[in-house]
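Numbers here are sequence positions counted from 1.
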Amino acid sequence: MGIIAWIVLGLIAGVIAKALMPGKDPGGCIITVLLGIAGAFVGGWVGKTLFHTELGTFFDLRTWGLAILGALIILAGYRLIFSRRD
């Protein structure tokens with residue numbers, strides 16, 4: 001996938017992750033894109049490690065599912081780390 005595809009995937013995966021896990025979260029559009037892109041990397045690692053599958057093409061459902069799963073993992077980790085400080 002090209003860089004534009006990663007940014008679009010990151011934006012949409014980050015928005016979906018924030019919608020599935022509502023609450024007080026950091027940032028706006030840029031943070032959401034970064035959350036989704038990092039989620040795609042984490043999701044790809046989880047998919048490869050646990051499910052022995054890899055990210056497919058941009059329009060592959062497996063790619064989107066793993067990216068959203070990874071973004072949810074990162075969002076949950078963020079909340080665990082920063083909720084204890086408050």
Side-chain angles (χ1 to χ4, degrees):
M1 284 193 295
I3 190 73
I4 301 298
W6 276 104
I7 292 171
V8 171
L9 174 69
L11 176 64
I12 296 171
V15 167
I16 291 172
K18 282 187 173 185
L20 290 175
M21 192 180 277
K24 188 173 182 178
D25 295 315
C29 186
I30 300 295
I31 299 298
T32 302
V33 169
L34 294 175
L35 170 73
I37 292 171
F41 284 113
V42 170
W45 179 79
V46 167
K48 188 174 183 179
T49 305
L50 297 180
F51 305 121
H52 304 292
T53 187
E54 296 187 19
L55 292 175
T57 62
F58 182 78
F59 294 105
D60 193 358
L61 186 60
R62 162 182 60 203
T63 301
W64 288 91
L66 289 173
I68 293 167
L69 174 69
L72 285 170
I73 291 170
I74 291 175
L75 196 55
Y78 173 84
R79 288 184 182 177
L80 284 173
I81 291 169
F82 289 105
S83 68
R84 292 182 184 175
R85 293 172 75 189
D86 293 337

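Arg79 approaches Met21 most closely through the heavy-atom pair NH2-O, 2.6 Å. Closest approach of Phe59 and Trp64 over heavy atoms only: CA-NE1, 4.3 Å. Contact between Gly39 and Ile74 at its shortest, heavy atoms only, is N-CD1, 3.5 Å. Nearest heavy atom pair, residue Ala71 against residue Gly36, reads CB-CA, 4.4 Å. The two residues Ala17 and Leu72 have their closest heavy-atom pair at O-CD2, 3.5 Å.
The same ILVMFWY cluster, assembled from side-chain heavy atoms under 4.5 Å apart, contains both Ile4 and Phe41.
From Ile73, atom CD1 reaches atom CG of Leu35 across 11.5 Å, with rounding to the nearest 0.5 Å. One finds the CH2 atom of Trp45 at 6.5 Å from the CG atom of Leu50 (value rounded to the nearest 0.5 Å).
Contact check for Ile68 versus Leu20: side-chain heavy atoms found under the 4.5 Å cut-off.
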